[in-house]
There are 2 protein chains.
Amino acid sequence: MAREPETLAATDGRLPGRRGQATRQRLLTCTAELLEGTPWRSIKVIDIARQAGTSPATFYQYFENVEQAILVLAEELTEGAGQLAALVDGDWSEEAGWDTARQVVRGFMDYWEANRAVFRVVELATEEGDLRFRGLRVRALNAVTVTLARVVAGAAPKGSPAGDDPMTVAATLISMLAHVAAHRYGYEFWGIRTDSLVDSQARILLWSVTGRTAPAGSEGAVPAPRSGPVVGGGAARARTDAARRAARRVSE
Amino acid sequence: MAREPETLAATDGRLPGRRGQATRQRLLTCTAELLEGTPWRSIKVIDIARQAGTSPATFYQYFENVEQAILVLAEELTEGAGQLAALVDGDWSEEAGWDTARQVVRGFMDYWEANRAVFRVVELATEEGDLRFRGLRVRALNAVTVTLARVVAGAAPKGSPAGDDPMTVAATLISMLAHVAAHRYGYEFWGIRTDSLVDSQARILLWSVTGRTAPAGSEGAVPAPRSGPVVGGGAARARTDAARRAARRVSE
DNA sequence: TGCCGTTCCTGACGGTTCGTCAGCCTCTGG
DNA sequence: CCAGAGGCTGACGAACCGTCAGGAACGGCA
């Protein structure tokens with residue numbers, strides 16, 4: 001139960017030196033790459049080790065198992081979520097509200113996009129009751145949800161049209177944003193364009209927060225965000241053993 | 001690629017007789033039970049076989065792998081989704097709209113609740129690009145999404161306040177419903193009550209469909225649905241080898 | 001330069017699960 | 001009671017797991 005700074009301690013307790021850190025990082029990078037193009041359950045330690053040009057035993061020197069390595073990867077993403085909160089905490093006035101809404105939606109989609117593979121695992125593990133991943137997820141989304149709740153409470157003193165409890169409204173909206181972002185490709189596959197999704201979500205968001213309806217004829221160009229793109233490392237694809245194993249299974 | 005009626009053909013081509021069907025069904029039931037209380041990736045064929053009082057080889061006589069067995073389970077759920085479409089295709093008039101909205105939301109939550117374990121796998125496999133699961137998911141949600149799109153187009157001829165394209169609006173709303181339903185326990189853990197979530201989602205739904213705001217002071221009692229509870233088999237929990245294996249891993 | 005302790009890595013091993021046979025058991029119809 | 005189709009399983013090679021003890025690389029010091 002003890003909560004250690006699990007950043008750098010190796011499994012035997014000692015904290016690694018420079019070379020060890022490098023190896024550890026290499027293993028993490030390879031894990032991320034594999035995750036990108038492989039069903040998560042078919043990632044084997046041996047694949048990661050091969051990819052990193054080392055032996056399975058080395059992997060176990062730094063991580064208990066694949067899951068824990070992914071947990072570390074996910075930990076790194078938590079920080080990027082703070083930028084989402086900053087977007088939410090923007091200008092919801094009569095003039096700027098609509099732009100803010102669209103920037104929030106777009107920010108969510110970009111953030112998800114950049115970290116899609118890791119999020120998949122976080123979602124699943126959370127739903128399966130893994131407390132470590134749940135805690136992580138809460139931490140990542142808590143900031144932005146609480147911020148949104150505060151904005152809702154502030155912008156609509158008499159209560160949002162979407163409900164009396166700001167926290168509930170915020171949670172509902174964040175759910176929408178997260179799920180649509182996660183299934184974006186699915187929708188495009190279905191012929192629903194991303195721009196259209198952004199517009200629709202932004203309208204719901206604006207209304208829920210301020211009670212106002214989006215200005216007419218405003219679909220189309222999304223304003224550039226005030227800051228640069230949201231954090232996130234897109235790993236290069238790699239056609240690996242694990243990917244091949246998985247492909248074989250699907251192609252029946 | 002050939003699309004067979006994968007309902008009853010055994011792996012060797014022959015279609016099983018009465019006894020075989022029973023065994024197959026027993027294996028499916030045990031798979032569902034295990035899925036209920038076990039992280040999906042740690043379900044082993046040997047667990048299912050033991051639970052069913054048979055040998056692993058028998059399992060392979062009826063299914064290619066665990067994944068395919070779950071696919072069959074998921075296939076059975078698709079039918080229940082039709083009832084959701086029926087709920088959506090209700091009375092959205094001035095008087096009844098609010099009740100309809102709440103019933104839809106409640107129906108979604110019940111449906112998800114009853115089939116939580118299977119849905120987890122469907123979601124993950126879909127996001128990982130498994131076309132069999134994606135097709136299944138599309139089929140399951142397509143009916144209700146298309147119905148909702150039609151309702152949106154009909155109820156707000158000048159365009160929904162949530163966007164111009166009814167299909168996009170419907171997809172966005174279904175996303176919200178699905179994700180909130182999936183994370184319901186997470187929210188309760190967070191102190192957000194389910195009733196409150198139902199209220200909030202129903203408000204957004206009503207507004208998006210009709211452009212109207214929910215009647216004031218209406219939170220609280222949710223009207224009983226017109227029909228009985230939505231289909232879905234809740235399997236009994238079972239403390240199994242697989243569950244124990246998983247527990248050991250989490251408890252560090 | 002050569003020595004030596006520390007840090008890092010790996011070959012090899014016992015154990016578990018996988019997926020696949022050939023062959024045995026069990027029903028049923030004649 | 002028998003024949004044969006249908007149903008089941010023991011046993012096996014292969015893959016991966018997780019863990020050692022011990023070898024290789026490194027870096028400080030005389």
Side-chain angles (χ1 to χ4, degrees), chain A residues 8-28 30-31 34 38-70 240-252, chain B residues 8-28 30-31 34 38-70 240-252:
Chain A
L8 14 78
T11 49
D12 58 357
R14 293 184 296 99
L15 39 146
R18 208 170 312 164
R19 186 155 67 116
Q21 285 295 342
T23 305
R24 192 189 118 105
Q25 191 51 52
R26 196 152 31 94
L27 287 168
L28 276 178
C30 291
T31 305
L34 280 171
T38 316
W40 122 251
R41 67 194 162 286
S42 44
I43 293 183
K44 311 291 181 191
V45 171
I46 205 174
D47 294 324
I48 302 174
R50 255 203 288 267
Q51 181 100 351
T54 179
S55 85
T58 301
F59 180 91
Y60 287 108
Q61 188 158 24
Y62 296 101
F63 308 101
E64 286 178 19
N65 47 44
V66 177
E67 199 166 310
Q68 203 228 319
I70 296 177
T240 58
D241 287 350
R244 254 176 272 125
R245 258 203 316 276
R248 169 159 38 92
R249 191 191 310 191
V250 171
S251 68
E252 45 193 286
Chain B
L8 13 77
T11 50
D12 57 358
R14 292 185 296 99
L15 37 147
R18 208 171 312 164
R19 188 154 69 117
Q21 285 294 346
T23 304
R24 193 189 117 106
Q25 191 53 51
R26 194 149 35 91
L27 287 167
L28 276 177
C30 291
T31 304
L34 279 171
T38 316
W40 121 250
R41 66 192 163 285
S42 45
I43 294 183
K44 311 291 181 191
V45 171
I46 205 174
D47 295 323
I48 302 174
R50 255 203 289 267
Q51 182 100 350
T54 178
S55 86
T58 301
F59 180 92
Y60 286 107
Q61 188 158 24
Y62 296 101
F63 308 101
E64 284 178 20
N65 46 45
V66 177
E67 200 166 308
Q68 204 228 318
I70 296 177
T240 58
D241 287 349
R244 253 176 272 123
R245 256 202 319 274
R248 167 160 40 92
R249 190 189 314 187
V250 171
S251 67
E252 49 192 289

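Quick caveat: nothing in here was measured; it's all calculated off a predicted structure. The sequence lines fix the lettering, A, B, ..., with proteins before strands; numbering per chain opens at 1.
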Hey, does B:T31 have a side-chain heavy atom less than 4.5 Å from the side chain of B:F63?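 Not touching, per the 4.5 Å side-chain cut-off.
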For nucleotides 25-28 of chain C, print each protein N/O atom paired with a nucleotide N/O atom at under 3.5 Å, atom names and distance only.
none

Nearest-0.5 Å distance, [atom1] of residue [X] to [atom2] of residue [Y]:
X     : Y     : atom1 : atom2 : answer
B:T38 : B:K44 : OG1   : NZ    : 11.5 Å
A:Q68 : A:Y60 : CD    : OH    : 12.0 Å
B:Y62 : B:L28 : OH    : CG    : 11.5 Å
B:L34 : B:I70 : CG    : CD1   : 9.5 Å

If I take atom [atom1] in residue [X] and atom [atom2] in nucleotide [N], what distance separates them, rounded to the nearest angstrom?
X     : N      : atom1 : atom2 : result
A:E64 : D:dC17 : CD    : P     : 15 Å
B:I46 : C:dG19 : CD1   : C1'   : 12 Å
A:N65 : D:dT19 : CG    : P     : 10 Å
B:R24 : D:dG6  : CZ    : P     : 17 Å
B:D47 : C:dT17 : CG    : C1'   : 10 Å
B:I48 : C:dT17 : CD1   : P     : 13 Å
B:R41 : D:dC17 : CZ    : C1'   : 16 Å
A:F63 : C:dC8  : CZ    : P     : 14 Å

Residue that, paired with A:V45, satisfies side-chain contact (heavy atoms from CB on, under 4.5 Å) out of A:V66, A:T58, A:N65: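 With A:V45 as partner, side-chain contact (heavy atoms from CB on, under 4.5 Å) holds for just one option, A:V66.
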Does OP1 or OP2 of [N] have a side-chain N or O of [X] closer than 4.0 Å?
X     : N      : result
A:Y62 : C:dC9  : yes
B:Y60 : C:dT20 : no
A:T23 : C:dC8  : no

So, for [X] and [Y], which heavy atoms are closest and what is the spacing to 0.1 Å?
X     : Y     : value
B:L27 : B:A52 : CD2-CB, 3.8 Å
B:S55 : B:A49 : C-CB, 3.6 Å
B:I46 : B:P56 : CG1-CG, 4.0 Å

N/O-N/O pairs, protein side and nucleotides 9-13 of chain D side, under 3.5 Å:
residue, atom, partner, partner atom, Å
D:dT9, OP2, B:T54, OG1, 2.4
D:dT9, OP2, B:S55, N, 3.1
D:dT9, OP2, B:T58, OG1, 3.0

